[in-house]
Structure formats: C-alpha cells, structure tokens
Amino acid sequence: MGRGKIVIQRIDDSTSRQVTFSKRRKGLIKKAKELAILCDAEVGLIIFSSTAKLYDFASSSMKSVIDRYNKSKIEQQQLLNPASEVKFWQREAAVLRQELHALQENHRQIMGEQLNGLSVKELNNLENQLEISLRGIRMKKEQMLTHEIQEQSQKRKLIHQENLELSRKVQRLHQENVELYKKAYTASTNGFIHHELAVADDESYTQIRLQLSQPDHSDYETPPRASQ
C-alpha cells in the first residue's frame, strides 16, 4: 500500500515535531543549495525553530541577499506608488545636499578657512587629519621616487652593458681590420718581389740575346787594295 496523504497541521507531540523539523529543515536547505547551483540563482534562506534557534543558508552572503531584497521591495513600492517615489528622491536629494555641504565645509577647514567657532578638540582633530594626510602624501612621494631611482639605476645598468658590448664589437672590428691589412700588405709585397725578379730575368735574357746576335767586325774587314 502507498503512503497516505499527510495532513498539514501542527504536530502536537514535541518529539515527533522536533524530528520532523530536523528532517524537513535539512531537505529544505538541500533544495535551496540545488536551486542556487542548477539555476544560477541568488538564494537566501532563514529559519527559526520553535526554540528560537537560527538556521540560515545564502548562496553568496546573507547581507547581500537582504540588501538586495530591501532594495527590490523599495523599488516595487515606488513603482506602485508614484507619490512615494517622489518623496524617496526628495529624501535622496536632501541627503546628498547635506553630504555636499559637509564636504565643502571640511575642505575649507583643511585649507585653513572658516576656523572660527571650532573648539580646541575640533582643531586638534583637524590637525591630526592634516598630519595623517601629509604622512600619506610623503609616503606616496617616497615610494614614487624610490621606484623612479630603481628604474634609472636599471637603465644605467642596461646602458653600461650596451656600451661594453659595443666596445667589444669595436675591438673585434679593429682586430679584423689589422688582420686584413697584414694580409693585404703581405700579398702586395710578395707580388712586388715576383715582379722585380721577372723584370730582372727579362733584362738578363735580353742582354744575352743582344750579345749573341752582335756581329764580329773581323769577319767583315775590307781586303787590301792591289798595288798599281
């Protein structure tokens, strides 16, 4: 047989009521977690037991859920009642005007204006605020200067490294030029010596040929003329 339909009414027995509360509370929190995960919903659940014990669950945080709830309720009420919406914005404008006036007065006091009427305690508080602000400004300035010094130091190191690398390159180029000059000088010197030797050989050979081809004058003497 199937389970009978449960009558929804207060359970008189305290023990049964407590057991039912514990089971249903766990099931309700489980369903709330599943709803938040499966449907990407923002869920907030608050439960008070009969003994005033609190049980809650929030998918994000209970404070954000409650703030969102209150804001939504106010917006809904404003949409339903235009007059209340006007009053709401009037209150918001009044609050903003008060905040603006307080900020302007505080700014003038910080600038050393309109100090009349301030007590010694208020003046001390103002002085403390200025000292705190000045300390913060100096710390920020010191941080910026330290950072700038570090950057400049790093840049100097990089420039120094680049200069060393360029100096090495110049030295290598100078050495290569010296080697090329030596090779060119050796080649030109050897060529000049070979040329001089060749010219000397040609001159010697020419002189020998000239000496060999020169005729003998005794072979061509004129015979003596006959006597009359």
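The shown structure was predicted, so the numbers you read here are calculated from the model rather than taken from an experiment. Residue numbers run from 1 in the order of the sequence given.
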Minimum heavy-atom distance between I11 and R17, given as atom pair plus value
O-NH1, 2.5 Å

Search all heavy atoms of V65 against all heavy atoms of G44 and return the closest pair with its distance.
CG1-CA, 3.9 Å

Would the distance check show the side chain of S133 and the main-chain N or O of Q129 forming a donor-acceptor pair, the cut-off being under 3.5 Å?
yes

Which heavy atom of A58 sits nearest a heavy atom of M62, and at what distance?
CB-N, 3.5 Å

A quick test of your reading: do over 12 heavy atoms of other residues, nucleotides or ligands sit less than 6.0 Å from CG of D13?
yes

Have H147 and Q143 got a donor and an acceptor in their side chains that come within less than 3.5 Å?
no

If I take atom CE from residue M111 and atom NE2 from residue H107, how far apart are they, to the nearest 0.5 angstrom?
5.5 Å

Atom pair CD/CG of Q175 and L180 - distance to nearest 0.5 Å:
10.5 Å

Is there a donor-acceptor pair closer than 3.5 Å between any side-chain N or O of S167 and the backbone N or O of N163?
no

Begin from the C-alpha positions of E162 and E165 and carry the test side chain to side chain contact (heavy atoms under 4.5 Å, CB included) through to its verdict.
CA-CA 5 Å; E162 291 177 356; E165 187 64 25; 5.6 Å; no

Any side-chain to backbone donor/acceptor pair from N106 onto A102? Under 3.5 Å, distance only.
no

Which distance, rounded to the nearest 0.5 Å, do you find between the CZ of F57 and the NZ of K30?
13.0 Å

As an exercise, state the distance from CD of E179 to NZ of K182, rounded to the nearest 0.5 Å.
5.0 Å

Taking T146 for the side chain and E142 for the main chain, is one N or O donor matched with an acceptor at less than 3.5 Å?
yes

With the threshold set at 4.0 Å, does a side-chain nitrogen-carboxylate oxygen contact exist between R108 and E105?
no

Does the pair L164 and R168 meet the rule for a side chain to side chain contact (heavy atoms under 4.5 Å, CB included), with working shown?
CA-CA 6 Å; L164 290 177; R168 295 190 189 99; 4.0 Å; yes

Determine the minimum heavy-atom distance between S59 and A36, stating which atoms define it.
CB-CB, 3.7 Å

So does D67 pair up with K71, basic N to acidic O under 4.0 Å?
no

For S64 against S60, the heavy-atom pair lying closest together:
OG-OG, 3.0 Å

Counting C-beta onward and ignoring hydrogens, is there a side-chain heavy-atom pair between K140 and M144 closer than 4.5 Å?
yes

CG/L145 to CD/E148 distance, rounded to the nearest 0.5 angstrom?
6.5 Å

Counting heavy atoms not belonging to R138, are there more than 12 under 6.0 Å from its CZ?
no

Do R156 and Q152 have side chains that approach each other closer than 4.5 Å (heavy atoms only, starting at C-beta)?
yes

What verdict does the side chain to side chain contact (heavy atoms under 4.5 Å, CB included) test give for R25 and S49, after you've listed the backbone C-alpha separation in whole Å, the side-chain angles of each residue and the deciding distance to 0.1 Å?
CA-CA 10 Å; R25 171 178 56 80; S49 68; over 6 Å; no

Say you draw a straight line from CD of E176 to CG of L173; how long is it, rounded to the nearest 0.5 Å?
5.5 Å

